[in-house]
Each structure stands twice: as structure tokens, then as C-alpha cells.
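Convention: sequence-line order gives letters A, B, ...; per-chain numbering from 1.
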2 protein chains.
Amino acid sequence: MATRPKKTPPPVSEEALLLIASWFRTLAEPSRLKILRALEEEEKNITELVEATGLTQANVSRHVQSLVDAGMVGRRKEGLSVICFIADPSITDLCDTVCNNLLKRLSNQVKKLGGS
Amino acid sequence: MATRPKKTPPPVSEEALLLIASWFRTLAEPSRLKILRALEEEEKNITELVEATGLTQANVSRHVQSLVDAGMVGRRKEGLSVICFIADPSITDLCDTVCNNLLKRLSNQVKKLGGS
DNA sequence: TAACTATATGAGTCTATACGCATATAGAAT
DNA sequence: ATTCTATATGCGTATAGACTCATATAGTTA
């Protein structure tokens, strides 16, 4: 039961693939990753995100929009400010997992380069 | 110990962000997801991948190259054929996780649309 | 209302990359 | 050696989307 069957038959429609791909695409941008990382510390408004990331205000605004569309970030208005926060904490774990995977691969490559 | 600290300080260099982003970018393409899904059933050569995915041979070849570069897929030559296989099984789990997340969100949206 | 602040957005430019077509290359079989 | 099969790749085209600059919009304060 715990071991998944080797054959995953026909599933995953074309539309589902598009959705999944677009979700990954949201994370395929250094600027957006930077924003996510800044939000992991604590929630921030757009101006604070501009300072934290070094991006322009227009850029941060658009990227935050993407992240909200993808359901990764939430927004609430407070006075003039728009406060952004991580909406889906599993994102953080996901990124950590990916990071660790990459680090492992890289250190293996380094080992190979050094050893041969 | 199990709870990660709320503040993740300065880490994650610019280069690391680029790496992570490019890793995600590899998964941000429906065609490549299709190839990965086909390989989850069992390893396949390029021609079989062409049949399984409906992509052109040139396209499959290039996408496989990307997947190999990202360390997700492995290749070995057998006669004239090039056999491709999932190199990093964690990819499969990752995709499943993402799928489940998306499904949850979508069904919530449907519920909201129906309920309001 | 007017002036000011925080955020969003329109328009244009530029780069990355997916695709198709044709062709090159590697290996097998005759 | 020639031919056939499987895969890779050069090149041109088209599209997506990230960025900048300027400006619009929403909300605040005097």
C-alpha cells in the first residue's frame, strides 16, 4: 500500500499539465524567489519588499501579483500599505527540499571534479 | 528543534537563486512534464517518448537534454537507441505534492463559486 | 479641496526559449 | 562501402514575459 504502483496509467489531462507547469513557472524566477525569501522572515508591505530585494516598485508589485495568482502569497490592505505574506507555508518547505537536492548534486560534482 | 526559526537571516546567494530558479524552470514546461510522466511508467527510448507524448522527435530530444542537465533524467545508450529514465525519484513525489496542492485549491475555488 | 504617499498598471523594449524544418551524426545491418 | 535507423543539432520564426519609465489610482492628511 505504501509503495506506489510502478505504472501510473493515463491520467493528467492537458489542462492539468498547463496548470502544474504554470505553478512551477511562478517559482522559476529569481526575483520572485527573492520576494518569497524576504516574506519568510516576516510579512512585509510592498515598500519593504522593494528595500529587501533591491527590485523596483513596479516590478515587486507585478511579481507579488503573480505569487498571489499562484496562491503562494496573500495580501491585505492596511491604510495605504499592502501587506504581503506567505499564504502557503508548504512553499517554504518545498524550496528547502529543492535547495538541499541541488546542494547535494553540486557537492557531488565538486567531489567528482576534485577526485578525477 | 523541530520548529524552524521564524527569521531566516541573510542566506541564499544570487547564484543560488539562479540555480533554484532554473531548476524550477525545467519543470515549468508542459512538454517536459509530459515526458517525465511517461517515464514514470517505465524507462523509454526517444522514439517511444515521441509516441507517448505526441511531440516531435527534435523536441523530445531537446527537452530530454534539459531534463538531463537538471539532473532529473538519466540516459544510457543501447545500440542505436537512447534509453531515458527518471534519475531523481524525488521528482515524482514533488509533482504529486504539487498536484495535490493545486487540486485542493481548485476544489476550494469551485466550492466558493458554487456557494456564493 | 489640495498635496502627499503607497501601490498598480499601460506601453514599449529586449531576451529567452519552444517549435518546425532540414540536416548532421552515430551506429547497425546488408 | 552503402544504406537504413535512431538521435542530435543548426537556423529561423514566433511568443511569453521581465524590465523600465511614466502615469493612473486609492487612500491619507492638512
Side-chain angles (χ1 to χ4, degrees), chain A residues 14-15 17-39 42-87, chain B residues 14-15 17-39 42-70 72-85 87:
Chain A
E14 203 75 17
E15 298 144 352
L17 282 180
L18 283 174
L19 256 178
I20 301 172
S22 99
W23 190 90
F24 278 122
R25 183 166 297 282
T26 306
L27 292 176
E29 204 52 39
S31 301
R32 283 193 286 270
L33 291 176
K34 221 183 275 188
I35 290 175
L36 283 175
R37 220 185 61 69
L39 292 180
E42 53 183 345
E43 54 180 36
K44 290 183 170 59
N45 64 34
I46 302 287
T47 302
E48 289 167 335
L49 280 175
V50 169
E51 291 161 1
T53 61
L55 303 171
T56 66
Q57 181 269 318
N59 242 333
V60 169
S61 182
R62 276 187 236 270
H63 282 312
V64 165
Q65 181 64 55
S66 305
L67 291 165
V68 169
D69 289 344
M72 299 172 184
V73 163
R75 256 182 319 197
R76 69 170 183 279
K77 202 144 192 196
E78 242 175 50
L80 278 183
S81 293
V82 169
I83 316 279
C84 307
F85 52 92
I86 305 265
Chain B
E14 203 76 18
E15 298 145 351
L17 283 180
L18 284 174
L19 255 178
I20 301 172
S22 99
W23 191 90
F24 279 122
R25 182 167 300 279
T26 306
L27 292 176
E29 202 53 38
S31 302
R32 283 193 285 270
L33 291 177
K34 221 183 275 188
I35 291 175
L36 283 175
R37 221 187 61 68
L39 292 180
E42 53 184 345
E43 55 179 35
K44 289 183 171 59
N45 64 34
I46 302 285
T47 302
E48 290 167 334
L49 280 176
V50 169
E51 292 162 0
T53 60
L55 303 171
T56 66
Q57 181 269 318
N59 243 332
V60 169
S61 182
R62 275 187 236 270
H63 282 312
V64 165
Q65 182 62 57
S66 305
L67 291 164
V68 169
D69 289 344
M72 299 173 184
V73 163
R75 258 183 316 200
R76 70 170 183 279
K77 203 145 191 198
E78 243 174 51
L80 278 183
S81 292
V82 170
I83 317 277
C84 307
F85 52 92

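Using a distance-only test at 3.5 Å, with no hydrogens or angles considered, a donor-acceptor pair links the side chain of A/Thr53 to the main chain of A/Leu49.
In this structure, A/Arg32 does not reach the D/dC19 phosphate: none of its side-chain N or O atoms is under 4.0 Å from OP1 or OP2. Listed pair A/Asn59 / D/dA18 fails the phosphate criterion, with no side-chain N or O lying under 4.0 Å from OP1 or OP2.
Within 4.0 Å (heavy atoms only), A/Gln57 reaches at least one base atom of the nucleic acid. Note on A/Arg25: only backbone sugar-phosphate atoms sit closer than 4.0 angstrom, heavy atoms only; bases stay farther off. Within 4.0 Å (heavy atoms only), A/Ser81 reaches sugar-phosphate atoms of the nucleic acid but no base atom. Within the 4.0 angstrom heavy-atom criterion, base atoms lie near A/Ser61.
Each of B/Val64 and A/Ala28 was matched to the nucleotide of DNA chain D holding its nearest heavy atom; the match closer to the 5' end belongs to B/Val64.
Side-chain contact of A/Gln57 with A/Arg62: a donor-acceptor pair under 3.5 Å is absent, judged by distance alone.
Atom SG of B/Cys84 and atom CD of B/Glu43 lie 9.0 Å apart (nearest 0.5 Å).
Using a cut-off of 4.0 Å between Lys/Arg side-chain N and Asp/Glu carboxylate O, B/Lys34 and B/Glu29 are scored as not salt-bridged.
To the nearest angstrom, P of D/dA22 lies 14 Å from CZ of A/Arg62.
Read 5' to 3', the first and last nucleotides of DNA chain C with an atom closer than 4.0 Å to a heavy atom of chain A are C/dT5 to C/dA11.
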